[in-house]
Protein chains: 2
Amino acid sequence: METGEKKAIGAKNFLYPMPTTLVGAQVNGKPNYLTVAFCGIVQASPPMIAVTLGKMHYTNGGIKENQCFSVNIPSRHMVEVTDYCGIVSGKRIDKSEIFETFYGKLEKAPMIRECPVNLECRLVDTLDLGGASEVFIGEIVESYAEERFLCNEIPDIEKIEPIVFSMYDNNYWGIGERLGKAWSVGKKFGENNNEKKAENNELKEINIAGVIGRK
Amino acid sequence: METGEKKAIGAKNFLYPMPTTLVGAQVNGKPNYLTVAFCGIVQASPPMIAVTLGKMHYTNGGIKENQCFSVNIPSRHMVEVTDYCGIVSGKRIDKSEIFETFYGKLEKAPMIRECPVNLECRLVDTLDLGGASEVFIGEIVESYAEERFLCNEIPDIEKIEPIVFSMYDNNYWGIGERLGKAWSVGKKFGENNNEKKAENNELKEINIAGVIGRK
């Protein structure tokens, strides 16, 4: 891999890729959905997810009141409505009828039937990191999908067709081609690396033999 | 959007897409890099990122000792070496010479020159959520990239070519085509929705007029 000169480009959230999710909460007795890219897994087991929302958002009160929320994964075919949920606030526009809502075992975390995957979350902690947002940490108590989005009982990314978000240039992207299997493609690198090391060691041995043997 | 029957598919971390990053830390005086998909932005300003690592990992001690770490974004051309860093532990294999390392203003957060984007992070908090991992929250104090990966001073996802990870089926994916502009494509939905509402209202008015006027 060739490299060039690195340039400081500022203290910014340059994480690539970011996900595009719709966070759901029951607010004033109605479902509300907000587009969120600041979202990531924070624990394998029990499974936990962190979502960061600006403190001014309409959704936050509903999460706190009901101690639960949902993370819904929209497909690329839903990119317009997904973006719309990030443009208009629930304070001004009633977003409760945009989607078909369903509920799971927590009963108060509204989920979007149109989204291929839904994560139902129980609020376990709220963090204030000093800025204008707060972090909601949720334990995923159940996940939902239609049979047609599964392969071997697991959501299939090629069937879901989720949306990637790139911040600062504000673009949505699809998922591209498969690059390889995790915990697998790296073995090739390891073998090549070992071969290289073995070659280097052989060269060293030849050099040492040359130096020692011929003295 | 047609919908079918939702099925409970278990309490699992079904977030799509997940990023693929290499987390760097100085451990026992040497750079070490670990592949991490549990990673997300947790604050806009000051910018903060959360990375979750199993407690048994070699990297954790280095993050705590030096109070800093890095998040490096590998490109798809680095998929083999990226996967390799997740297969072998720094406890057993010295990963300090796999990449060309550089340092920034924190001086003790090793970063990977080969990665198109690097986030240099100061540790601000460590969370234990009760499982076998811990969450490191870092303030991004500086970011780095080569000029060739930028467009208008911002990293360009098409030039970076980052790697998407899908958990449970363990696959790496590239980035696909551009789907549209955020805070923009949703306006179309809003307009159509308003038109639909206006039509509905008109229909309602006609109906009301019909009901009232002809009674």
Side-chain angles (χ1 to χ4, degrees), chain A residues 1 3-4 6 8-9 11-17 19 38-43 45 47-48 52 73 76 79-81 83-84 87 113-114 117 129 131 135 140-146 154-155 157 160 162 164 166 168 170-180 182 185-186 188-190, chain B residues 1 3-4 6 8-9 11-17 19 38-43 45 47-48 52 73 76 79-81 83-84 87 113-114 117 129 131 135 140-146 154-155 157 160 162 164 166 168 170-180 182 185-186 188-190:
Chain A
M1 196 90 188
T3 56
K6 287 279 184 182
I9 54 171
K12 292 196 176 156
N13 286 313
F14 291 135
L15 174 64
Y16 300 88
F38 289 180
C39 174
I41 298 301
V42 287
Q43 189 165 272
S45 175
M48 288 193 192
T52 297
I73 313 295
R76 57 180 290 165
V79 68
E80 287 184 9
V81 66
D83 190 47
Y84 177 75
I87 292 175
R113 198 169 284 280
E114 290 87 338
V117 177
L129 297 169
V135 185
I140 300 167
V141 298
E142 191 55 86
S143 317
Y144 304 86
E146 289 177 39
I154 286 164
I157 198 169
I160 304 170
V164 166
S166 61
Y168 299 104
N170 294 330
N171 279 304
Y172 297 117
W173 306 84
I175 301 295
E177 58 175 336
R178 202 175 78 94
L179 305 178
V185 288
K188 212 183 290 174
F189 177 86
Chain B
M1 197 90 189
T3 57
K6 288 278 183 182
I9 53 171
K12 291 197 176 156
N13 286 312
F14 291 134
L15 174 64
Y16 300 87
F38 289 180
C39 173
I41 298 301
V42 287
Q43 188 164 273
S45 176
M48 288 193 193
T52 297
I73 314 295
R76 57 180 290 167
V79 70
E80 286 184 10
V81 66
D83 189 48
Y84 177 75
I87 292 174
R113 197 169 285 281
E114 289 88 341
V117 178
L129 297 169
V135 185
I140 301 167
V141 298
E142 190 56 86
S143 315
Y144 304 87
E146 288 177 39
I154 286 163
I157 197 168
I160 303 170
V164 166
S166 61
Y168 299 103
N170 294 330
N171 280 304
Y172 297 118
W173 306 85
I175 301 295
E177 58 175 336
R178 202 174 78 94
L179 304 178
V185 289
K188 213 182 290 174
F189 177 87

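This structure is a prediction, so every number in the text was calculated from the model and none was measured.
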Contacting moiety of A:Ile73, where chain B heavy atoms sit under 4.5 Å: side chain
Among A:Val79, A:Ile140, A:Leu129, residue most engaged with chain B (heavy-atom pairs, under 4.5 Å): A:Leu129
Nearest heavy atoms of A:Tyr84 and B:Gly190, plus distance in Å: CE1-CA, 3.3 Å
Nearest atoms (heavy-atom pairs only) where B:Phe14 meets A:Ile154: CE2-CG2, 4.4 Å
Distance-minimising heavy-atom pair for A:Asp83 and B:Gly186: OD2-N, 2.7 Å
Side chain to side chain donor-acceptor pair (under 3.5 Å) against B:Lys6, all qualifying residues, sequence neighbours excluded: A:Asn118
Structural part of A:Val141 lying under 4.5 Å from a heavy atom of chain B: backbone
Contact leader toward chain B among A:Tyr16, A:Tyr144, A:Trp173, where contacts are heavy-atom pairs under 4.5 Å: A:Trp173
Heavy-atom side-chain proximity of A:Ile157 to B:Asn171 below 4.5 angstrom: no
Distance-minimising heavy-atom pair for A:Phe38 and B:Ile41: CB-O, 3.4 Å
Contact winner vs chain A - B:Ser166, B:Gly176, B:Pro162, heavy-atom pairs under 4.5 Å: B:Gly176
Interface moiety of B:Ile175 toward chain A, non-hydrogen atoms closer than 4.5 Å: both
Pairs of heavy atoms under 4.5 Å with chain A: top-ranked of B:Gly40, B:Cys39, B:Ala11: B:Ala11
Segment of B:Ser45 engaging chain A (4.5 angstrom heavy-atom cut-off): backbone
Over all atoms of both residues, closest heavy-atom pair of A:Val185 and B:Glu80: O-CG, 3.5 Å
Side-chain donor/acceptor of A:Asn13 to backbone N/O of B:Gln43, under 3.5 Å: yes
B:Ile160, part contacting chain A, at a heavy-atom distance under 4.5 Å: side chain
Non-hydrogen atoms of A:Leu15 and B:Pro19 that approach each other most closely: CD1-CB, 4.4 Å
